[in-house]
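One structure is given below, encoded as structure tokens.
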Amino acid sequence: MPEEAGFPPAKKFRPSAGPPSRARSCPPGRRAVMLLAAGAGGGGGGRRQQPPLAQPSASPYPEAVEQQRRNLPIFQARGQLLAQLRNLDSAVLIGSGKTTQIPQYLYEAGIGRQAIIAVTQPRRVAAISLATRVSDEKRTELGKLVGYTVRFDDVTSDDTKIKFLTDGMLLREAISDCLLRKYSCIILDEAHERTLHTDVLFGVVKAAQKRRKELGKLPLKVLVMSATMDVDLFSQYFNGAPVLYLEGRQHPIQIFYTKQPQHDYLHAALVSVFQIHQEAPSSHDILVFLTGQEEIEAMSKTCRDIAKHLPDGCPSMLVLPLYASLPYAQQLRVFQRAPKGYRKVIISTNIAETSITITGIKYVVDTGMVKAKKYNPDSGLEVLAVQRVSKTQAWQRTGRAGREDSGICYRLYTEDEFEKFEKMTVPEIQRCNLASVMLQLLAMKIPNVLTFDFMSKPSPDHIQAAIAQLELLGALEHRDGQLTLTPMGRKMAAFPLEPKFAKTILLSPKFHCTEEILTIVALLSVDSILYNPPSRRDEVQSVRKKFVSSEGDHLTLLNVYRTFKNTGGNKEWCKENFVNSKNMMLVAEVRAQLRDICIKMSMPIVSSRGDTESIRRCLAHSLFTSTAELQPDGSYATTDTHQPVAIHPSSVLFHCKPACVVYTELLFTSKCYMRDLCVVDAEWLYEAAPDFFRKKLRTARN
DNA sequence: GAGCACTGC
């Protein structure tokens, strides 16, 4: 074992259930408990294992499919499970390998047949692949009995009874029907991830269930599914719902901690990788968790360099970086089998923790660090910082080593350090701007949004900051002591956008530039279309010159999009111009969706025909809360709070000194950076919001 | 003067 890291003897545990002391016994005091033996039966285990977009194949032998379903460990509990679920309003299910089977069991037993059974997922690919798989198992065409709904893609019909959908999509549906009348049963899967949308859905679904009961309508059954044991909160929240344990198949994983704390986790990771590399058979792949692109690219290069000079008899090494902004074709390489005699070493962000599942991983090296966003409601500032993972996250990483067979996990921290990690990751709802969430809840006509029944309540300051932001955008009014949406607010809620971007679109007809604003907002609402490989920086700069606008990033991006469209945009063009084609395609889809919404609202859609000033005026009028001015000493400060800020190095204005800018995002990394800037006239801002600036200037002087 | 974890509508 790596000497410098100083690993003591291993500990064994079973991954999906957390620490061993709790894995095999159920906490006392449960009303209903079910335990299944691990390791029984064949078949696929019911969990998605294929890479994104891989097509799960239908078995040519239908009987075989049915036999496979019967062989799943969960099948033994089917009768007992159904007997309980039939009579319950709500239940919490723990364990793995159940997402494909539970909805089928319910349907086959005639539970929830009066309407649709919904299964929500945090991610699109999961909703699509699960629906595909279940429709195969039912031997029906996808979109008939079993279908899915995700943004831009609705594969359902009047026959659909089992519907997989993203939780964000179900939340959208709740805006037009907050009682969710289409559904008899809602299964909230991957609840342990506590994504923003899942957390809001908890509240919306609970309210719908209660209201339907009061009105004597079709009852709504709610099942919460979690892969981890920390479910007390779920059970309490859903009125003490019973917890059912379903132990799935899992493989033992040995864990090694370091003897000493590691001050340099990158060096420790490097040492561990090469220790494993020199000892283990080449077919055993390694997955390393680091925090970000730069770190990962640097470590990849170092690994490749060292691997060139290893002694004879050592396997070759195939080093593969993995992070979200990596072009799709390069991401796919992690799924390919390495050539004979090569070991795959995948160096990844936490994208490999949940979003991407790679088969064949035998070793996990966990640095215990993650880059994550925090939000400060006082300043409205988002801080992106490297920090310790939570225990839950560490278990999740460890589990990645035991998906097909037993595995080994090296934790580059001591056991004492691990014990001091936070138990759970802070739910997203407590670390992000809540303006969108509040707008959506108000659009659902939920009575007291300020006291909404969240499972993990955000602080009152946090909610108040979101309300204040919506007020500034003109979305709210106080009527009869209640907060309600203005007509503007209702229109804003129709767009799948941050409220300030929805406002930008709604203001654009006044400036006769809706065509351009639709493009700009679409560009801002997806990940950057610009691909910046650090090793080819000079090349990127010279290619990008032709698009650059001295008026800022918004207009530069608009130029890239226009050129892409005018040259009949294809992947070849994207590659030559360092444009991420996947994101570019997405921009076109988003734009079309936003345009449709405008048309439904009977908004006039006109172009400014080359007049860029009107576009900048429109941005100034909608983003007036996010502005900064040049100070006498050459630095920048925000107009409202005089927070010192700097132009982000990715901006086309990085080397320029415009007097006044609007930005779309403030991000604190090593400094407080403004991202996506547009040059504006200070006068336009005062014109846009005279009250706001008068008040701000006064407080600033005091 | 020098940099951006991950989803989703």
Side-chain angles (χ1 to χ4, degrees), chain A residues 52 120-127 149-154 165-176 190 193-201 289-298 322-326 348-356 369-374 382-387 389 393 396 425 428 431-432 436-437 439-440 443 492-499 501-502 522 525-528 530-532 534 537 586 589-590 593-594 597 633-636 644-651 653-657 665-676:
Chain A
T120 69
Q121 294 292 319
R123 285 169 291 277
R124 294 166 52 93
V125 280
T149 306
V150 297
R151 191 182 188 184
F152 311 127
D153 204 1
D154 181 7
L165 72 178
T166 44
D167 39 25
M169 205 69 219
L170 187 58
L171 216 46
R172 276 272 131 206
E173 288 187 12
I175 293 180
S176 44
E190 310 283 9
E193 288 189 25
R194 303 295 308 273
T195 67
L196 179 66
H197 287 158
T198 318
D199 263 26
V200 180
L201 260 189
F289 284 101
L290 299 186
T291 68
Q293 173 177 347
E294 209 177 290
E295 227 175 59
I296 287 168
E297 291 292 353
L322 180 63
Y323 45 87
S325 61
L326 197 67
S348 174
T349 58
N350 48 345
I351 193 171
E353 233 172 70
T354 50
S355 308
I356 292 182
M369 305 305 282
V370 67
K371 201 178 279 183
K373 211 180 241 182
K374 292 179 193 166
E382 293 175 325
V383 181
L384 191 61
V386 172
Q387 48 196 297
V389 296
Q393 259 179 309
Q396 182 74 29
T425 314
E428 199 183 353
R431 6 175 217 111
C432 68
S436 291
V437 169
L439 185 67
Q440 282 183 345
M492 282 164 62
F495 289 93
L497 293 169
E498 274 181 58
F501 292 143
S525 70
V526 307
D527 281 343
S528 179
L530 306 178
Y531 174 53
N532 300 311
R537 198 176 293 175
L586 193 58
E589 278 193 292
V590 171
Q593 187 190 24
L594 300 177
I597 296 170
D633 68 354
S635 70
Y636 283 87
V645 289
I647 298 176
H648 195 278
S650 67
S651 171
L653 297 177
F654 184 52
H655 292 289
C656 310
K657 295 248 178 246
E665 191 185 28
L666 270 191
L667 189 66
F668 196 100
T669 49
S670 60
K671 260 192 221 172
C672 192
Y673 285 109
M674 303 178 276
R675 284 168 67 175
D676 295 322

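No hydrogens, no waters, no symmetry mates; every other heavy atom, side chains included, goes into these values. Every chain is numbered from 1 and lettered A, B, ... according to where its sequence line falls, protein lines coming before strand lines.
For the pair A:Ile356 CD1 and B:dA5 C1', the interatomic distance rounds to 13 Å; values are reported in whole Å. The distance from atom CZ of A:Phe668 to atom P of B:dA2 is 13 Å, rounded to the nearest whole Å. When the P atom of B:dG8 is taken as reference, atom NE2 of A:His197 falls 10 Å away, rounded to whole Å. For the pair A:Asp199 CG and B:dC6 C1', the computed distance is 16 Å after rounding to whole Å. Residue A:Glu295 contributes atom CD, which lies 13 Å from atom C1' of B:dG3 at whole-angstrom precision. One interatomic measurement links the two molecules: CD1 of A:Ile296 to P of B:dG3, which rounds to 17 Å at whole-angstrom precision. Atom CD of A:Glu428 and atom C1' of B:dC6 are 8 Å apart (whole Å). Rounded to an integer number of Å, the gap from NZ of A:Lys371 to P of B:dG3 is 10 Å.
Counting any heavy atom pair closer than 4.0 Å across all strands shown, A:Thr195 reaches no nucleic acid atom. Contacts of A:Leu384 with the nucleic acid, taken as non-hydrogen atoms under 4.0 Å apart, include base atoms. The residue A:Gln293 sits close only to the backbone: its heavy atoms come under 4.0 Å of sugar-phosphate atoms, none of a base. Within the nucleic acid shown, A:Arg194 has no heavy atom closer than 4.0 Å to any nucleic acid atom.
Side-chain N/O atoms of A:Thr349 include one lying less than 4.0 angstrom from OP1 or OP2 on B:dC6. Look at A:Tyr323 and you won't find any side-chain N or O under 4.0 angstrom from OP1 or OP2 of B:dA5. Not one side-chain nitrogen or oxygen of A:Ser670 sits closer than 4.0 Å to the OP1 or OP2 atom of B:dA2.
The side chain to side chain donor-acceptor pair (under 3.5 Å) check on A:Ser348 picks up nothing, with sequence neighbours excluded. Judged as a side chain to side chain donor-acceptor pair (under 3.5 Å), and not counting sequence neighbours, A:Thr166 has no contacts.
Listed nucleotides B:dC9, B:dG3, B:dC6 differ in distance to A:Pro496; the shortest reach to its side chain belongs to B:dC9. Of all nucleotides listed (B:dA5, B:dC9, B:dT7), B:dT7 comes nearest to the side chain of A:Asp527. Nearest to the side-chain atoms of A:Asn350 among the listed nucleotides B:dC9, B:dT7, B:dA5 stands B:dA5. Of the candidate nucleotides B:dG1, B:dC6, B:dC9, B:dG1 has the atom nearest to the side chain of A:Lys657. Side-chain proximity of A:Phe654 to the nucleotides B:dG1, B:dC6, B:dG8 is greatest for B:dG1. Set against B:dA5, B:dC6, B:dG8, the side chain of A:Arg431 has B:dA5 as its closest nucleotide. The side chain of A:Arg151 lies closest to B:dC9 when the candidates are B:dC9, B:dC6, B:dG3.
The residue among A:Gln593 and A:Ser325 whose nearest nucleotide of DNA chain B is located toward the 5' end is A:Ser325. Mapping A:Gln440 and A:Lys671 onto DNA chain B by nearest heavy atom places A:Lys671 closer to the 5' end of the strand.
Shown here for A:Cys656 and A:Tyr636, the closest heavy-atom pair between the two residues is O-OH, 4.2 Å. Nearest heavy atoms, A:Leu322 versus A:Ile296: O-CD1, 3.9 Å.
A:Ser650 and A:His648 share a side-chain donor-acceptor pair at under 3.5 Å.
Ion pairing between A:Arg123 and A:Glu193 holds under the 4.0 Å rule for side-chain N and carboxylate O.
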